[in-house]
Amino acid sequence: MERRRLRRLVRRRPGGGGVSPPGASGRTHTPAILPLPMQYLPNDIEPKWQKKWADARVSEIDVTAPGDKLYMLNMFPYPSGDLHVGHGRNYILGDAVYRYFRMQGRAALNPMGWDAFGLPAENAAIKNQTHPRPWTLANIERMKKQFARWGILYDWSKEIASCEPEYYKWNQWLFLQLYKRGLAYRGTAPVNWCPQDQTVLANEQVVDGRCERCRALVEQRELSQWFLKITDYADRLDAGLDTLEHWPEKVKLMQRNWIGKSLGADVDFQVPVLGKALRVFTTRPDTIYGATFMVLAPEHPDVPVLIGDHPDREEIEGWITTVRNQSALERQESGKEGRFTGKYAVNPFTETEIPIWLGNFVLPQYGTGAIMSVPAHDQRDFEFAKQYGLPMRIVVGPASGVWLDVNDLAEAFTFKDETGVSVDSGPITELTVPKAIEKIIEIIEEKGIGKGTVRYRLRDWLISRQRYWGTPIPMIYCEQCGLVPVPEEQLPVELPLDVPFTGRQGNPLAKHEAFVNVACPQCNAPARRETDTMDTFVDSSWYFLRFITPDDSTKIFDSALVDRWLPVDQYIGGIEHAILHLLYARFITCTLHDMGLLNFEEPFTRLFNQGVITKEGYQDASGSWVSPREVEWRDGKPFRGEEPLTAEVTKMSKSRLNVVPPDELIAKFGADTERVYTLFIAPPEKEAAWSDEGVIGAYRFLGRVWHMGVALAEGRGPRAEGRGEAPAAVVRKMHQTIDAVTGRMERFEFNTAISALMEFSNTLGEAVNAGGGGELREAYEALLKLLHPFAPHATEELWEMLGNEAFVLTTQWPVADRALMQEDSVTIAVQVNGKLRGQVEVPAPAVEATVFEAVFANEKIRAWVTDKQIVKQIYVPGKLVNLVVK
RNA sequence: GCGAAAGUGGCGGAAUUGGCAGACGCGCUGGACUUAGGAUCCAGUGGCCCAAAGCCGUGUGGGUUCGAGUCCCACCUUUCGCACCA
């Protein structure tokens, strides 16, 4: 094949250097590297370097010292106990970035802490008849050891754990500040109740109508609970997304959808029998001439009056009760249902009477809980109208002017944009939809029957939980004074530890007399403490501020220092927090800004979401998960004994028995191998399938780097004489690699950064194998530096072996010399009508315009420079090849 | 249903701005060294073909272009997110 031959020609050109001699029989094995006097045994060296880093406190940083600050942060984990290689991806990735920035000379802060409150600890305590605290603390210790064994450098002098009073005191303080400003309130609302976990949940914690944590069906209950008024910040949280240039679009979109900003209008419809108006919210006020009926949520406050004298009142009330008791999921699945109230409202534009219905598809929490129905132009209204035989009226037509007839409609025609034109709509007739909306809002406002409005889907954040293991809400109920906040000087309200865990009848805090009974801070009369605790997402909504001054017992944080170190420059964590944690953290940061405590509103400048690691799991016919140890393979299919199994690739989880614990892996190959493999496996933001076989590739790579280093250190490399020049190809490759890896580190392209290092290592290995030819050591040391973020232990050991004193970590990241990246010559191949016409070798700096004019003039030719680094292919229609060095 | 992202060898994945498709690695095949090798090293490895020559190849069908994995149109598939939000 032409192309292949061409490539070979190019690769073997003189001066290319380092290319192995061809031919199986002719190949001689240079003993420069083999046989090996010193094996790569990671487990001999890794703990040693972990200890050295710890002893030297290399990762501790003085936040008051000057420097080019950089705040790196991995989302602090829930201390659930054992970490598997899937968790490792997150932390290994963060550590690689941290080490890279350190080598770039940045004053990089990389703290770690524990999101230590929460249900699993409580459930474990119930199961094991212990207390959540020792369980949690033991897990923390285990996980710290695992982090260390991965070679991850956190600044442990900044460690925090949210379950400690020193931390949650400030949670309570924050709550009191919010309460003072009216941003924390107690209110009664239909809330999500998880019967399994015996607690209420935030809307964000309900997924597909089920509890995010335990998957139980969530029930609706009318309860009095604590809320944070995140809705006050809906507009800012929405607008702020536009400023987050370095956040994944996906996350911003998810937040935008969750906030659910809608522009529209509130409009009053008079109801003569009520003697007042019912207000509706609509995003399509331009369709108001087509509003032929009105639908209220069954929960709407005016419903009892409307149906008070209805002959079938009891039946309707029964239906309302049924709907109210349904979960959101059941309510939707039961289809559209409604009841006619027997009453009428007046459409303010057509001035006709329109019937008022109740409908289960109208949600009480959104808008005004009442809608004007325009069946011709809204699919939901259309379905409802068809079902109950309600009238329709077409008020929007296509701009193209095609006639529409009500009887022809098989579905609603929405025409959301300029493609639609108002029809039969008084003053807005013939206006396009956007213009019609603008105009009708003007008229509505002139008439004083409503106004243009912005509505949000976002609802207030329900933060109270009827569970023990969380931050006590610092409020007191006094019969005389009502709700009384705990005075700040009495904080923290400590969580009592002498509590039995039976797992029965709700929150054990409520039965702790010494905790509950308290004197009212205002009147000193006997009073009762709030026994609800806070959602743990409150704990994590501001923890990144606490890392700067974790031990300050006098204030939540130091504003001046926080303003210096924050926003967090690089935040790393899973996509599962796209809405919950990240929205709450943004909200709380805004409130602290408004309190004058911060000079910024957005806490995280750059956000990165790593993908999950998946692995095959095996299920038997009954759907139970089978341990991979029991699986036998026959004809490429999995079996357990005679029983066929099904294989499914899923996220690693204990329940699916597909987790890969790092211990065995590290014992066999070392942490560096796991680190390199984990980052090499796939682009870090993508889901990646773990392959036990694939790990060996990373190990071999490190082994080759190791053996090369041993050879150089023992003087078997050319360094012994310290003379001569490294082959030009090695120097060139070094600069190309430095350039490539640096860019890829910045862009989080770790998989290709590592592949570039593998290529460089191969080039270097060939040069060493071939007996070198000069100064290979400089190139090798550059390789060690570039490799350090991925394989910190091996590179430190090799660095030392070569006689260097300081850590690789504290050296400077190499800088590429662009001039030396260039090839000294390039081969230009010329293709004419698909055939290789010839090739010309030219010195790289001389690749200029007229080189080929004489040779290939007057032909339709295709020409390109064969080395990608220099120039691209260029098409020249007939006359002149015009090549330019980039 | 709505929204977003993605479809490239046996597998994970490469391929600035359209310019040598399959880098790098796994696996596989052959070899070296070995008592042995599931260690290590070397070579080969997109498909058709004994091989060469040649032809075909980035989900499918069109289009733009000297040139398309990349750009445009239509479709198919997968994954993720939202899901009666008026």
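Reminder, nothing fancy here: chain letters follow the sequence lines and each chain counts from 1.
Nucleotides B:C48 and B:C11 have their P atoms positioned 15 Å apart, rounded to a whole Å. With both ends at atom P, the span from B:U29 to B:G22 equals 24 Å, rounded to whole Å. Between the C1' atoms of B:U60 and B:A86, the separation comes to 40 Å (whole Å). Only the P atoms considered, B:A6 is 14 Å distant from B:U17, to the nearest whole Å. Taking the P atom of each, B:A15 and B:A23 are spaced 12 Å apart, rounded to whole Å. Between the P atoms of B:G30 and B:A39, the separation comes to 16 Å (whole Å). Taking atom C1' on both nucleotides, B:C26 is separated from B:C20 by 25 Å, rounded to a whole Å. Between B:G18 and B:U78, the two C1' atoms lie 27 Å apart (nearest whole Å).
Backbone-only engagement by A:Asn751 is indicated by non-hydrogen atom pairs under 4.0 Å involving sugar-phosphate atoms exclusively. Among the heavy atoms of the strands lying under 4.0 Å from A:Lys686 are primed sugar atoms or P, OP1, OP2 only; no base atom is included. At the heavy-atom level, A:Val295 lies nowhere under 4.0 Å from the strands shown. Within 4.0 Å (heavy atoms only), A:Gly260 reaches no atom of the nucleic acid at all. Among the heavy atoms of the strands lying under 4.0 Å from A:Ile696 are primed sugar atoms or P, OP1, OP2 only; no base atom is included.
The side chain of A:Thr752 has B:A15 as its nearest neighbour among B:A15, B:G12, B:A86. Nearest to the side chain of A:Pro683, among B:A14, B:A86, B:C84, sits B:A14. Closest to the A:Leu253 side chain, of the nucleotides B:A4, B:A15, B:C84, is B:A4. In the set B:C84, B:G25, B:A14, the nucleotide with an atom closest to the side chain of A:Met758 is B:G25. When each of B:G25, B:A23, B:G12 is scored by its nearest atom to the side-chain atoms of A:Ser755, the top-ranked nucleotide is B:A23. Nearest to the side chain of A:Leu363, among B:A14, B:A86, B:U40, sits B:A86.
Residue A:Arg700 places at least one side-chain N or O under 4.0 Å from the OP1 or OP2 atom of B:G27. Remark: A:Arg704 is not in phosphate contact with B:C24, judged by side-chain N or O atoms under 4.0 Å from OP1 or OP2. Between A:Ser262 and B:A86 there is a side-chain N or O to OP1 or OP2 distance below 4.0 Å.
The CG-C1' distance, from A:Leu679 to B:C26, rounds to 17 Å in whole Å. Residue A:Glu749 contributes atom CD, which lies 13 Å from atom C1' of B:G13 at whole-angstrom precision. Taking atom CZ of A:Arg744 as the reference point, atom C1' of B:U16 lies 10 Å away to the nearest angstrom. Computed from coordinates, the A:Phe750 CZ to B:A14 P distance equals 14 Å when rounded to whole Å. If you take CZ of A:Phe680 and C1' of B:C26, they are 9 Å apart, rounded to a whole angstrom. Between A:Glu648 atom CD and B:U79 atom P the separation is 11 Å, expressed in whole Å. What separates NZ of A:Lys733 from C1' of B:A23 is a distance of 9 Å, to the nearest Å. Counting to the nearest Å, the P atom of B:C26 and the OH atom of A:Tyr677 are 11 Å from each other.
In this structure, A:Tyr699 has its ring center under 6.0 Å from that of A:Tyr40.
With no hydrogens or angles considered, no side-chain donor-acceptor pair links A:Thr368 and A:Asp266 at under 3.5 Å. In this model, no donor atom of one side chain and acceptor atom of the other lie less than 3.5 Å apart for A:Trp247 and A:Gln255.
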Which protein N or O atoms sit under 3.5 Å from an N or O of nucleotides 80-83 of chain B?
{"unit_1": "B:C80", "atom_1": "O2'", "unit_2": "A:Lys250", "atom_2": "NZ", "d": "2.9"}
{"unit_1": "B:A83", "atom_1": "OP1", "unit_2": "A:Arg457", "atom_2": "NH1", "d": "3.2"}

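For the atom pair CZ of A:Phe384 and CH2 of A:Trp357, the computed distance is 5.5 Å after rounding to the nearest 0.5 Å.
Closest approach of A:Ala794 to A:Asp672, counting heavy atoms only: N-OD2, 2.7 Å. Among all heavy-atom pairs drawn from A:Gln379 and A:Ala412, the shortest one is OE1-N, 2.9 Å. Residues A:Ser755 and A:Arg744 share a closest heavy-atom pair of OG-NH1, 4.5 Å.
Summary of the strand contacts: A:Glu383 and A:Lys668 both lie near RNA chain B, and taking for each the nucleotide with the nearest heavy atom, the more 5' one is attributed to A:Lys668. Both A:Ala756 and A:Thr283 lie close to RNA chain B; mapped to their nearest nucleotides by heavy-atom distance, the more 5′-ward contact belongs to A:Ala756.
Residue pairs meeting the side chain to side chain donor-acceptor pair (under 3.5 Å) criterion with at least one member in residues 678-689 of chain A, sequence neighbours excluded, do not occur.
Geometrically, A:Lys336 engages A:Phe361 in a cation-pi contact, judged by NZ or CZ lying under 6.0 Å from the ring centre and within 45° of the ring axis.
Syn is the classification of B:G9, since its glycosidic angle stays within 90° of 0.
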Problem set entry | Pairing pattern in dot-bracket form [Watson-Crick, G-U; both distances under 3.5 Å; | = partner strand] for RNA chain B | (((((((..(((......[....)))((((((.......))))))(((.....)))..(((((..]....))))))))))))....
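When each of A:Leu787, A:Leu757, A:Thr752, A:Leu783 is tested with A:Val741 by the rule side-chain contact (heavy atoms from CB on, under 4.5 Å), just one qualifies, namely A:Leu757.
Salt bridge A:Lys252/A:Glu249: present, at least one basic N to carboxylate O contact under 4.0 Å.
Within 6.0 Å of atom CZ in A:Arg747, more than 12 heavy atoms from other residues, nucleotides or ligands are found, so the atom counts as buried in its surroundings.
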